[in-house]
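To start, the structure under review is shown below, and the notes come after it.
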Amino acid sequence: MIRVLLVDDHPVVREGIRGMLSAEPDLDIVGEAGSGPEAVARVAELRPHVVLMDLRMPGGDGVAATERIHTGYRDVHVLVLTTYDTDTDILRAVEAGATGYLLKDTPRAELAEAVRSAARGETVLSGRIAGKLLTGMRQRSEPAGPVLSPREVEVLRLAADGRTNAAIGRALHISPTTVKTHLMRVYEKLGVGDRTSAVSQALRRGLLPDR
């Protein structure tokens, strides 16, 4: 049986997805979550094989949750299921570690097969999504300067607020060592050696918009 966790902030949507997949004899819906942080907690509790993850949720971003699940639970595969198909959303999800990316208008049979593929660790992208991903990757590959991951931006933004590694770790639910690793990667990408220079360079290059 493939254990599946449903993550969406709309109960009606979760009920609809459950109804679509419950008829599949090899798929077991083991739980639900209504936000990113709740999804991470439920993964720790239930250890599903596949997480069907919405992206934009008021209670917590799906991309951040995807990254935490991908980092902390390598045997759990996140399959994004959302209504958003912008290049930015797709790239952020894939960079965070999502195994696949589907839209909510995906037919039931295709969705069920995608869950099975995700459970095997296979990449799952519809033709339209794959095209947008390739376009976004080409744009990213142009020599426009370094690109920071969503997590690196979060870490650098908190560092810009003057927080210590420990404080940043508490805010993002990661260890101070992981914070340091992210900062070192930022320094390398920006060609700097300290926080102040990193923040300055990121602001100058538009990688960390001034608030």
Side-chain angles (χ1 to χ4, degrees), residues 1-8 14 17-18 20-33 35-57 60-138 140-141 147 149-152 173-174 178 181-182 185:
M1 293 290 289
I2 298 174
R3 297 166 58 82
V4 182
L5 175 68
L6 305 181
V7 184
D8 196 289
R14 297 199 304 268
I17 298 172
R18 179 183 284 274
M20 291 174 64
L21 297 180
S22 60
E24 303 294 327
D26 59 334
L27 304 184
D28 181 19
I29 311 301
V30 296
E32 300 179 8
S35 70
E38 185 182 0
V40 177
R42 296 292 277 168
V43 165
E45 174 189 356
L46 301 171
R47 297 308 289 265
H49 299 111
V50 177
V51 178
L52 280 178
M53 178 76 74
D54 193 14
L55 282 187
R56 303 183 189 179
M57 296 175 284
D61 178 69
V63 172
T66 296
E67 184 176 19
R68 290 181 60 191
I69 293 169
H70 177 68
T71 301
Y73 306 91
R74 291 289 181 167
D75 57 334
V76 180
H77 303 287
V78 178
L79 178 57
V80 171
L81 185 63
T82 182
T83 57
Y84 304 100
D85 65 347
T86 66
D87 297 357
T88 301
D89 284 320
I90 297 167
L91 280 169
R92 289 180 64 227
V94 172
E95 288 177 347
T99 299
Y101 196 110
L102 296 176
L103 300 179
K104 287 181 179 177
D105 60 1
T106 301
R108 181 187 64 81
E110 186 177 334
L111 176 59
E113 189 55 39
V115 171
R116 297 184 184 104
S117 297
R120 295 191 293 267
E122 299 172 3
T123 301
V124 182
L125 297 170
S126 68
R128 182 171 61 175
I129 295 300
K132 285 180 172 287
L133 178 60
L134 286 173
T135 299
M137 290 178 67
R138 290 192 191 102
R140 289 287 187 92
S141 65
V147 176
S149 71
R151 176 63 75 178
E152 289 167 351
H173 306 287
I174 57 179
T178 301
T181 298
H182 283 304
R185 289 174 181 166

> How far apart are the closest heavy atoms of Ala96 and His70, and which atoms are they?
Replying inline: O-CB, 3.6 Å
>> Using side-chain contact (heavy atoms from CB on, under 4.5 Å), reason through Leu52 and Leu6 one step at a time and then give a plain yes or no.
In response: CA-CA 5 Å; Leu52 280 178; Leu6 305 181; 3.7 Å; yes
>> Are Val115 and Glu24 packed together at the side-chain level, in the sense that at least one heavy-atom pair is separated by less than 4.5 angstrom?
In response: no
> To the nearest 0.5 Å, what is the distance between CG (Leu103) and CG (Leu81)?
Replying inline: 8.0 Å
>> Run the side-chain contact (heavy atoms from CB on, under 4.5 Å) test on Thr71 and Thr178 for me, step by step, so that the C-alpha distance in whole Å, both residues' side-chain angles and the decisive distance to 0.1 Å come before the verdict.
In response: CA-CA 11 Å; Thr71 301; Thr178 301; over 6 Å; no
> Can you tell which of Arg68, Arg92, Arg56, Arg151 makes a salt bridge (charged side-chain N to carboxylate O under 4.0 Å, His left out) with Asp61?
Replying inline: Arg92
> Is there a side-chain contact between Thr82 and Asp89, using heavy atoms and a 4.5 Å cut-off?
Replying inline: no
> Are any side-chain N or O atoms of His77 and backbone N or O atoms of Val50, one a donor and one an acceptor, separated by less than 3.5 Å?
Replying inline: no
>> Using side-chain heavy atoms (C-beta onward) and a distance below 4.5 Å, is Asp54 in contact with Val7?
In response: no
>> Which heavy atom of Ser117 sits nearest to which heavy atom of Val124, and what is that distance?
In response: CB-CG2, 3.7 Å
> Would Val4 and Ile29 count as a side-chain contact (heavy atoms from CB on, under 4.5 Å) if you check the C-alpha gap in whole Å, the side-chain angles of each, and the deciding distance to 0.1 Å?
Replying inline: CA-CA 5 Å; Val4 182; Ile29 311 301; 3.9 Å; yes
>> Do Ile174 and His182 make a side-chain contact, defined as non-hydrogen atoms from C-beta onward lying under 4.5 Å apart?
In response: yes
>> Test side-chain contact (heavy atoms from CB on, under 4.5 Å) on Ile2 and Arg116; report intermediate values, then the result.
In response: CA-CA 7 Å; Ile2 298 174; Arg116 297 184 184 104; 4.0 Å; yes
